[in-house]
Amino acid sequence: MLRKHMEFRKQQDLDNILAWQPPEIYGANSICGHDREGGPLWYHIAGGLDVKGLFLSASKQDLLRDKFQNCELLLYQCELQTQKLGKKVEKITAIVDLEGLSLRHLWKPGVEFAQEFLSALEANYPEILKHIIIVRSPSLFAVAFNLIKSYMSKETCRKVVILGDNWKQELSKFISPDQLPVEFGGTLTDPDGNPKCITKINHGGEVPKSYHLCKQVRMQYEHTVTVGRGSSQHVENEILFPGCVLRWQFASDGGDIGFGVFLKTKMGERQRAGEMTEVLPSQRYNAHLVPEDGSLACFKAGVYVLRFDNTYSLVHSKHISYTVKVLLPDQTFMEKVEKF
């Protein structure tokens, strides 16, 4: 493990990474204040994160490098606190604000990036975390957590703390109010009085198109199908219980393609679109120019049908490349969230 870590440090040039200047789209490093034992605080504000905009504006390697720089900054802050307090400070507390978490944050390349970073974090910074404190978590968090928990060790999972409606009061048990921004129940502000401390904490926001380096992110698809002229193709996915998320990506070759999502009213037989319940209205997409992706929160159990519609084209067949996934919620965390 040590040899692999030394090779990792060499590959990422971690000895010099603190001098690296990341692109300005990354904003502040989100390190602000200390917990009651003197450990640094690191914030992740999920709601305002423009995942797709970041991927269009930077390479995945640079995005990872930005995260590794944060890790090294946190270790450096631990060293400074050790010297200042005269005791060993080795762990940090992460505060994850999930207000505004939505289906767009479950975009497949973004989730895969989070999985890759967590794998690297476990392999190279295994004991850096003291607590991962979750605040303002919606029910969708159960699905998001289920996507990444297998990339976290059991020890790390045990460090996850979910706070309920009185999260500001609960947060003060871990962190003194004079070390917390006003936004999080403390007394810290920016020099201009901003309660969110945006000069230290990156609250995200949409990445301006002027920063985009490419028009689309290259996708890999798991299935292909040909939709004949004047016909349609159905892809069925069974949802066993409410709370799951249906996620899809597709591209077409040969022209645009209609797409919609329906819920079957009769099991065991093929139904026409008019015989099913329309969940996502069908419309035509220029997926031959720009690949499409989307997701749907399934509030009912049943068989959901993704319908590729080419009935309007009497001349051209369409070749569709697609990936469909059913994302399951983590039951343990779903129960914890429901308590609040």
(message) Do the side chains of Lys108 and Glu112 get close enough for a salt bridge, i.e. N-O under 4.0 angstrom?
(response) yes
(message) If we count only N and O atoms by modelled type, under 3.5 Å, do the side chains of Thr93 and His131 hold a donor and an acceptor together?
(response) no
(request) Kindly indicate whether the side chain of Phe55, heavy atoms from C-beta on, has any atom under 4.5 Å from the side chain of Leu63. (result) yes
(message) Measuring from atom CD1 of Ile201 to atom CZ of Phe184, what distance do you get when rounded to the nearest 0.5 angstrom?
(response) 6.0 Å
(request) With the side chain counted from C-beta on, respond yes when Tyr43 and Pro181 share a heavy-atom pair under 4.5 Å apart, and no when they do not. (result) yes
(message) Taking Ile320 as the starting point, is it possible to reach Val315 by hopping between hydrophobic residues whose side chains are less than 4.5 Å apart?
(response) no
(message) Suppose we call two aromatic rings close when their centres sit under 6.0 Å apart. Are Phe117 and Tyr151 close by that rule?
(response) no
(message) Quick check: Tyr221 with Tyr322 (ring centres under 6.0 Å apart)?
(response) no
(message) Quick check on His5: does its NE2 atom have over 12 non-hydrogen neighbours (other residues, nucleotides or ligands) under 6.0 Å away?
(response) yes
(message) Under a 4.0 Å threshold between the charged nitrogen and the carboxylate oxygen, would Glu7 count as salt-bridged to Lys10?
(response) no
(request) State whether Lys130 and Glu37 are salt-bridged, where the test is any N-O pair (Lys NZ or Arg NE/NH1/NH2 against Asp/Glu carboxylate O) under 4.0 Å. (result) yes
(message) Check for me whether Arg36 meets the cation-pi criterion with Phe174, that is, NZ or CZ under 6.0 Å from the six-membered ring centre and within 45 degrees of the ring axis.
(response) no
(request) Tell me whether Val305 is reachable from Leu327 by hopping between hydrophobic residues (I, L, V, M, F, W, Y) whose side-chain heavy atoms are closer than 4.5 Å. (result) no
(request) Examine the side chains of Thr199 and Asp190 and answer whether a donor and an acceptor come within less than 3.5 Å of each other. (result) yes
(request) Quick one: pull up NZ in Lys52 and CZ in Arg104 and give me the separation to the nearest 0.5 Å. (result) 10.5 Å
(message) Between Leu18 and Phe8, is there shared hydrophobic-cluster membership here, with clusters defined by ILVMFWY side-chain heavy atoms closer than 4.5 Å?
(response) yes
(request) For residues Tyr304 and Phe262, establish whether the separation of their ring centroids is below 6.0 Å. (result) no
(message) Looking at Glu275 and Arg272, is there a salt bridge between them, counting it only when a charged N and a carboxylate O are closer than 4.0 Å?
(response) no
(message) Salt bridge or not between Glu116 and Lys60? Use side-chain N to carboxylate O under 4.0 Å.
(response) yes
(request) Determine whether Val235 and Val303 fall in the same hydrophobic cluster, where Ile, Leu, Val, Met, Phe, Trp and Tyr are linked whenever their side-chain heavy atoms lie under 4.5 Å apart. (result) no
